[in-house]
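Chain A is the first sequence line, chain B the second, and so forth, proteins listed ahead of strands; every chain is numbered from 1. The structure presented is a predicted model; accordingly, all values stated were derived computationally and were not measured.
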Amino acid sequence: MSLALKTTDLAKSFDIGKRLFGPPRAQVYAVRPVSLDVAQGETLGIVGESGCGKSTLARMLVGLSPPSAGEIEIEGRALDRADPAAFGRLIQYVFQDPVSSLNPRKTIRQIMEAPLRQLHGMRGAALEARIAELFDAVNLRPEFLDRYPHEFSGGQAQRIGIARALAASPRILILDEPVSALDVSVQAQVLNLLADLKVEFNLTYLFISHDLAVVEAVSDRIAVLYFGSVVETGPAEKVFAAPRHPYTKLLADSAPVVGRPLGGAQSGELPDPLNPPPGCAFAGRCPRASALCRAEVPRLRAIEGDQFAACHHPRDA
Amino acid sequence: MKLFLSLLFRNRLAAFGAVVLAIIVILAVLTPLLPLHPPNATNTANRYLRPLADGHLLGTDHLGRDLLSRLLWGTRLSLAVGFAAALIAGLAGAAIGVMAGYFGGRTDNVTMRGIDMLMAFPYILLALAIVAVLGPGLLNALIAVAVVNIPFFARNIRGVTVGIAHREFIDAARLAGMGHARILLTEVVPNIVPVVVIAMSTTIGWMILETAGLSFLGLGSQPPQADLGSMLGEARSALITAPHTSIVPGVMILLIVMSVNLLGDGIRDALDPRLRSGALARPMAATRVDRRDVPPAQGDGLLTIDALDTQFQIGKRIYKAVNQVSLDLRPGECLGLIGESGSGKSVTALSVMGLVASPPGVITGGAVRLEGQDLIGAPYEVLRSLRGRRVAYIFQDPLSTLHPLYRIGDQLTEAIRVHDPVSHAEAHKRAVKLLEDVRIPNAAARMCAYPHELSGGMRQRVGIAMALANDPDIIIADEPTTALDVTVQAQILALLDELRQSRGLAILFITHDFGVVGQLCDRVAVMYGGRIVETGPTAEVLAAPAHPYTRRLIACVPELGQGQRVLAAIPGLPPAVDQLPDGCAFAPRCEKARAACKSGEIALTGATRKVRCLYPEEAHVARAENH
């Protein structure tokens with residue numbers, strides 16, 4: 001099994017309080033060094049709450065935002081500078097808000113033509129044929145091509161967004177909350193479509209979401225992000241069923257499930273990014289925290305088989 | 001384009017401006033063809049002839065030149081210079097603004113500080129300086145006026161571009177392999193054209209005035225060439241003895257500038273999407289009511305909604321957002337109202353206290369009774385005294401419901417004092433208590449925080465505290481946890497449940513999430529296409545849904561702990577409520593639909609479990625028979 005995507009200590013920090021000369025007053029880490037491997041044909045789900053750095057990570061992976069440190073390798077080739085055009089043929093991005101990801105003043109045809117012309121130099125009949133093929137793949141009617149984005153519902157617009165991403169013939173798709181702006185009845189349609197496309201085009205997915213149930217339903221493997229770091233990775237069926245990291249456990253227990261009583265109101269919030277704690281970022285909210293947790297940042301390590309957790313005191317299965 | 005023209009001419013003043021301006025422009029264009037005296041032919045014997053003199057309709061000036069002829073030729077020149085200056089300033093300013101806004105960072109800083117320096121000079125001084133360097137002349141005056149106006153455009157357009165440059169479709173274009181030049185030309189520029197047009201239409205009049213000003217000072221058009229400003233300047237010396245020589249060009253300047261400004265305002269109103277949608281039109285204090293008859297009271301609950309109809313009337317279209325909805329809420333009960341977007345659940349909730357914006361919302365039928373008192377059509381004073389005191393709302397996004405510029409403590413004490421005129425100190429004490437009740441740590445210190453200083457979960461707690469401020473009997477919570485993270489959502493739901501039990505609150509909980517309903521609500525009502533399709537005790541509805549829509553909606557939502565799988569999707573889209581199908585609204589998406597489902601009115605039947613379906617699900621039917 002070969003690797004589709006590999007990141008090595010990929011990190012992103014932002015400068016706070018820039019000065020005209022000299023170093024900035026402070027640095028804030030949006031993504032702390034993250035190392036991930038995604039196998040060919042796999043779906044890796046990335047879960048985390050708002051502010052955990054999942055969108056920043058995604059933007060670095062497609063070259064929209066230059067990393068502060070670390071490396072990205074796609075199918076063995078290192079991509080060392082943030083150039084969306086170079087990334088575009090290998091890795092594409094599907095946006096969260098389908099309508100705002102389409103230029104309101106362009107027809108769908110113009111939107112679809114852009115990646116084919118720019119990345120693959122297609123013209124004329126070949127271009128037409130390819131667009132028809134893509135529209136067929138996402139179950140949209142060809143007469144939609146001459147309409148404008150505002151005429152479409154969220155679900156249709158998201159199909160257009162997916163078709164545009166596929167137009168670049170990428171090997172990997174980054175799906176950044178692709179269904180969270182959609183209604184539940186439409187959400188399932190889009191998720192099933194994505195599953196079909198993955199087989200048809202032999203794709204690898206990175207599926208980012210805050211909805212645990214959706215991630216579990218579509219992923220082979222799941223990585224849980226907290227405060228910019230990966231705190232747990234493992235097979236989809238194990239991560240939420242038998243979480244090793246206390247934060248994953250908290251997430252799994254918080255998801256509303258019919259028949260489960262409402263959990264006690266655990267307090268606690270994310271640490272202040274300007275003043276991060278010296279040890280584990282979750283220690284302040286963690287029932288198992290010890291002195292060690294408050295002093296030393298835990299490294300991601302194998303707990304059992306292919307389940308990894310960054311925790312000094314992992315839970316038992 | 002047709003829509004634009006109809007919007008434009010709906011504005012009477014803009015239409016008047018357009019007509020006046022059209023007449024002036026046509027006259028100016030036709031000037032060379034009209035049988036006029038030559039504008040520069042002097043005849044000193046006939047100087048200062050009064051208007052309506054023989055052969056000179058508007059009289060003559062100090063050199064005996066025909067005023068009508070000079071006026072038309074002058075108007076022609078002034079209009080041309082004004083338009084040209086606006087065009088140059090608009091294009092140059094837009095180019096600078098787009099560059100600065102798109103590239104940001106250092107480019108932005110350097111160009112915008114340059115623009116700021118231009119703005120630091122009084123405009124007429126700057127124009128004088130430019131003309132002084134270039135020398136007097138109409139072309140130089142045009143350049144001066146254009147340069148002076150560039151900052152206005154550059155700043156305007158930069159602001160708009162910054163907004164566009166961070167939109168997702170720009171990222172998408174970069175991923176499609178487009179370079180910066182192509183993105184600027186094909187993605188950014190088409191989106192700012194309306195703004196440039198709006199800015200130009202409102203400044204052309206101003207530029208015509210400025211050009212006239214320079215000509216008046218003798219820096220613009222040079223004798224004997226006529227333009228409106230120079231005509232005024234030459235007539236100044238005879239202001240008392242021959243006032244018509246000043247009045248004629250003065251009136252023309254007035255007409256041009258006034259008509260351009262009226263038309264420009266009209267164009268802005270018609271092009272600006274915010275103004276078009278009527279967002280700036282002030283909504284009425286309570287939703288408009290237009291109902292024929294009042295249905296008799298049925299339930300005896302705390303809050304009963306009987307056959308409520310709320311519509312949005314936009315042009316000729318009628319959106320039946322809420323269609324014959326009946327609900328009742330008992331004291332201490334939590335009723336879930338579940339549905340997809342556009343199903344009418346929020347509009348139902350807002351109708352209760354007359355909070356649907358009018359126009360376009362109208363309540364066309366039904367009744368909402370709070371302990372027997374009908375709220376629909378109640379005088380505004382009555383509604384106002386009940387809003388917040390008996391029935392309070394919690395909305396989805398606390399960032400947009402809390403005022404960003406006031407401390408949360410001040411907002412809370414204000415909410416308390418609106419209904420209960422206690423002293424500030426007393427209100428402050430109660431506000432701190434409220435914040436403690438919603439489990440905000442450090443409540444006394446947080447009173448001084450602004451909404452943006454709090455996290456989403458904390459803000460929603462403040463939103464709940466606001467709702468509790470006057471100890472209401474009913475809380476209507478419209479998707480209060482949708483914008484929150486799961487761990488925070490769990491905390492807020494637990495808090496709401498606890499408050500309900502400790503204070504005996506009745507809650508109408510609006511959501512699209514069955515998991516949340518299952519954990520919090522005693523009863524649930526499912527809405528589809530503006531109607532209630534099923535209602536009953538939550539556990540029963542979730543265990544054995546009776547309506548095919550409910551069953552399939554539950555099935556297509558993944559639930560945690562079931563592993564990777566294919567989801568049962570519902571094909572098709574929810575109906576648009578301005579063209580609902582005959583019969584069952586779900587029939588076009590339902591695999592069980594038969595001919596009978598597609599015609600007539602299908603009633604909501606049943607006792608505690610009600611369903612609006614001719615062929616309810618078998619599991620439900622079997623359960624009903626067993627009971």
* Asked: Do side-chain atoms of B:Gln489 reach the backbone of A:Ala255 as a donor and acceptor pair under 3.5 angstrom?
  -> no
* Side-chain contact, heavy-atom cut-off 4.5 Å: A:Val99 with B:Phe169? -> no
* Among B:His512, B:Met458, B:Arg552, single out the residue with the greatest number of heavy-atom pairs under 4.5 Å to chain A. => B:Met458
* To do: Report the residues that fulfil side chain to side chain contact (heavy atoms under 4.5 Å, CB included) with A:Pro170, sequence neighbours left out, ordered by chain and then residue number.
  => A:Gln92, A:Ala168, A:Leu173
* Structure fact -> Honestly, the part of B:Leu542 sitting under 4.5 Å from a heavy atom of chain A is side chain
* Asked: Looking at side-chain heavy atoms only, is the closest gap between B:Asp171 and A:Phe95 below 4.5 Å?
  -> yes
* Which portion of B:Val566 sits near chain A, non-hydrogen atoms under 4.5 angstrom -> both
* Between A:Ser185 and B:Arg589, does any side-chain donor sit less than 3.5 Å from a side-chain acceptor? -> yes
* Contacting region of A:Val214 [heavy-atom separation from chain B under 4.5 Å] -> both
* Name, in order of residue number, those residues of residues 101-114 of chain A that have a heavy atom at a distance of less than 4.5 Å from a heavy atom in chain B; otherwise write 'none'. => A:Ser101, A:Leu102, A:Asn103, A:Pro104, A:Arg105, A:Lys106, A:Ala114
* Asked: Who wins among A:Val186, A:Thr43, A:Val218 for the most heavy-atom pairs under 4.5 Å with chain B?
  -> A:Val218
* Portion of A:Arg117 that has a non-hydrogen atom of chain B nearer than 4.5 angstrom -> neither
* To do: Tell me, for A:Ala236 versus chain B, whether the close heavy atoms (under 4.5 Å) come from the side chain, the backbone, both or neither.
  => neither
* Which atoms of B:Leu573 come close to chain A, meaning under 4.5 Å heavy atom to heavy atom: side chain ones, backbone ones, both, or neither? -> side chain
* Asked: Which region of A:Asp97, side chain (C-beta onward) or backbone (N, CA, C, O), has a non-hydrogen atom less than 4.5 Å from a non-hydrogen atom of chain B, or is it both or neither?
  -> both
* Asked: CD1 of B:Ile570 to CD of A:Gln187: how many Å apart, nearest 0.5 Å?
  -> 11.5 Å
* Structure fact -> Heavy-atom nearest pair, A:Leu119 first then B:Leu175, reads CD1-O, 3.7 Å
* Structure fact -> With chain A, the option among B:Leu520, B:Val557, B:Asp485, B:Thr538 that has the most non-hydrogen atom pairs under 4.5 Å is B:Asp485
* N/O donor-acceptor pair under 3.5 Å between A:Asp183 side chain and B:Glu340 backbone -> no
* chain A contacts, top residue of B:Leu493, B:Asp497, B:Asn191 (heavy-atom pairs, under 4.5 Å) -> B:Asn191
* Asked: Heavy-atom count around B:Arg113 CZ within 6.0 Å, excluding the residue itself: above 12?
  -> yes
* To do: Scan residues 569-578 of chain B for pairs that pass salt bridge (Lys or Arg N to Asp or Glu O under 4.0 Å), counting only residues two or more places apart or in two chains.
  => B:Arg317-B:Asp578
* Asked: With a 4.5 angstrom heavy-atom cut-off, which part of A:Arg89 approaches chain B: side chain, backbone, both or neither?
  -> neither
* Could you tell me which of B:Ala555, B:Pro194, B:Ala173 has the largest number of non-hydrogen atom pairs under 4.5 Å with chain A? => B:Pro194
* To do: Between chain A and each of B:Gly518, B:Gly179, B:Pro574, B:Cys556, count heavy-atom pairs under 4.5 Å; write down the option with the most.
  => B:Cys556
* Applying side chain to side chain contact (heavy atoms under 4.5 Å, CB included), name anything that partners A:Gln118, two or more places apart in sequence or on another chain. => B:Met178, B:Arg182
* Write down the atom of B:Pro558, the atom of A:Ala217, and the distance for their closest heavy-atom approach. => CB-CB, 4.0 Å
* Asked: Should A:Arg285 and B:Thr487 be marked as a side-chain contact (heavy atoms from CB on, under 4.5 Å) after you check the CA-CA gap, both sets of side-chain angles, and the distance that decides it?
  -> CA-CA 12 Å; A:Arg285 305 167 70 179; B:Thr487 54; 3.8 Å; yes
* CD-OG distance between B:Glu168 and A:Ser100, expressed to the nearest 0.5 angstrom -> 4.0 Å
* Would you say the side-chain atoms of A:Gln189 pair up with the backbone N or O of B:Gly572, donor to acceptor, closer than 3.5 Å? -> yes
